[in-house]
Amino acid sequence: MTRILLPLVLLAAAVAGWAASTPEVPTAKPAAPPATLPQPIVSAVYKIRTDRPGALVNWVTGQLEVVGKGFAPGPGALARAQARATAMAAMLGEARRYLPTILADTRTTLAPVLTKDDTARQAMNGLLGNLTVVDELWNPDRRVFTIVAVLPIWGEFGLTYLGMKALDAQPIEVPQEKLTLLKPMPRGHTTQRFAGPYTGVIINAEGALLSHCLFPRLLRFDGRELWGPSNLKPAAVITGPIRYAVSEDEAIADKLAGDRPLLLQAIGNGPGGNPVLNLDDVYLVLSQEKFERLLEQVPLIVTIGNQ
């Protein structure tokens, strides 16, 4: 209870002090955020809509985006400050509501572990403290204050700790009849654009209709797991084993898998949306000298198109 009340007391004090010292805001342009607030750390193009409260994971930028809105009860700086405080509280509420719905893998959300595990709930509360306000919008005509905040899904202050606690990391095996594959299955391995030694892996899954999650599993053509959470070392869990990109060309241009990535092609998906590789791509990966080291060079990059 002390952990909850203290931030609320500090927030109320900050709002009161700011309201007392801030003059009336001209309606011609939005006011700058108070100097006591963290300044934006990104120049984001949001995936989430800002005309309503809500939360959404932007898997390409690797962050949770949250929007809170507050309405001023009347004109004046004090009412505007009250609207801002309401927007901040609403933003935190939207994040708290949305976090349990995020997929740890294609079968499991974060909800079970947050329901049953006190340590996980405490970790979630700590993560909410890492939300960073990146935009503040004031509409003087409608008297609406909008706050946009982001939270990384990868890294030390990200969601991977909760994701790993939520899922069963053991390898899976899917019956072949439950795989959704391209017909006919492509022959030969994916054409390579670089020579080895390879610095990482890019999996082109733009047409595979995947489910985006923290820990996807890479399946073989026969339904057996080729790579997944059980392959990860603790450091890889923290930093995050996967990054998503819009296209193979963008992933290569941004060097998300280093200077010489090995290119693979998803030929379909398993139940829930895990990518599936064909026979020749699996053989290509396994035939690489020190292939285990290659697969450990996370993050692996999965391209998802504009879905």
Flag, side chain of [X] to backbone of [Y], donor-acceptor distance under 3.5 Å:
{"X": "S211", "Y": "G272", "result": "yes"}
{"X": "K69", "Y": "T86", "result": "no"}
{"X": "T106", "Y": "N274", "result": "no"}

- Message: Testing the 3.5 Å rule here: is there a donor-acceptor pair between the side chains of R96 and N125?
- Response: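 Side chains of R96 and N125: pair found under 3.5 Å.
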
- Item | Residues E65 and N58: side-chain donor-acceptor under 3.5 angstrom |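 On atom types as modelled, these side chains qualify, holding a pair under 3.5 Å.
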
Report yes or no: do [X] and [Y] belong to one cluster of Ile/Leu/Val/Met/Phe/Trp/Tyr joined by side chain heavy-atom distances under 4.5 Å?
{"X": "L209", "Y": "L103", "answer": "no"}
{"X": "L92", "Y": "F71", "answer": "no"}
{"X": "I238", "Y": "M164", "answer": "no"}

So which heavy atom on [X] is nearest to which on [Y], and how close?
{"X": "Y46", "Y": "T50", "result": "CD1-CG2, 4.1 Å"}
{"X": "G240", "Y": "T160", "result": "CA-CG2, 4.0 Å"}
{"X": "L56", "Y": "I48", "result": "N-CD1, 3.9 Å"}
{"X": "V66", "Y": "M91", "result": "CG1-O, 3.2 Å"}
{"X": "P261", "Y": "Q192", "result": "O-OE1, 4.2 Å"}
{"X": "T109", "Y": "T101", "result": "CG2-O, 3.8 Å"}

- Item | side-chain contact (heavy atoms from CB on, under 4.5 Å) assessment of V113 paired with L167 | CA-CA 9 Å; V113 70; L167 58 80; over 6 Å; no

- Message: Which residue is it: I203, I242, L210? I am looking for the one with a side chain to side chain contact (heavy atoms under 4.5 Å, CB included) to P216.
- Response: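 The side chain to side chain contact (heavy atoms under 4.5 Å, CB included) with P216 is passed solely by I242 among I203, I242, L210.
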
- Task: Under the side chain to side chain donor-acceptor pair (under 3.5 Å) rule, what do T190 and D281 come out as? Steps first, then yes or no, please.
- Result: CA-CA 6 Å; T190 300; D281 270 0; 2.7 Å; yes

- Take V276 and L218 through the side-chain contact (heavy atoms from CB on, under 4.5 Å) test and state the conclusion after the steps. CA-CA 6 Å; V276 179; L218 189 58; over 6 Å; no

- Item | Qualifying ring pair (Phe, Tyr, Trp, His ring centres under 6.0 Å) pairs with a residue from residues 231-260, counting only residues at least two apart or across chains |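 Only W59-Y244, H212-Y244 qualify under ring pair (Phe, Tyr, Trp, His ring centres under 6.0 Å).
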
- Item | Atom CZ of R224: over 12 foreign heavy atoms under 6.0 Å |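 Atom CZ in R224 is not packed in, count stays at 12 or less.
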
Look at [X] together with [Y] and state whether they make a salt bridge at an N to O cut-off of under 4.0 Å.
{"X": "E136", "Y": "R84", "result": "yes"}
{"X": "K233", "Y": "E296", "result": "yes"}
{"X": "D117", "Y": "K165", "result": "yes"}
{"X": "D249", "Y": "R193", "result": "yes"}

- Indicate yes or no: at least one non-hydrogen side-chain atom of V282 is less than 4.5 angstrom from one of L284.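 Not in contact.
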
- Task: Please tell me if the side chains of L277 and L226 come closer than 4.5 Å, counting only heavy atoms from C-beta onward.
- Result: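 Counting from C-beta outward, L277 and L226 do come under 4.5 Å.
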
- Query: Is the cationic atom of R80 (NZ for Lys, CZ for Arg) positioned less than 6.0 Å from the six-membered ring centroid of W138 and within 45 degrees of its normal?
  - Reply: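 Yes, R80 sits over the ring of W138.
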
- Would R187 and D280 count as a salt bridge (Lys or Arg N to Asp or Glu O under 4.0 Å) if you check the C-alpha gap in whole Å, the side-chain angles of each, and the deciding distance to 0.1 Å? CA-CA 7 Å; R187 293 186 176 183; D280 293 294; over 6 Å; no

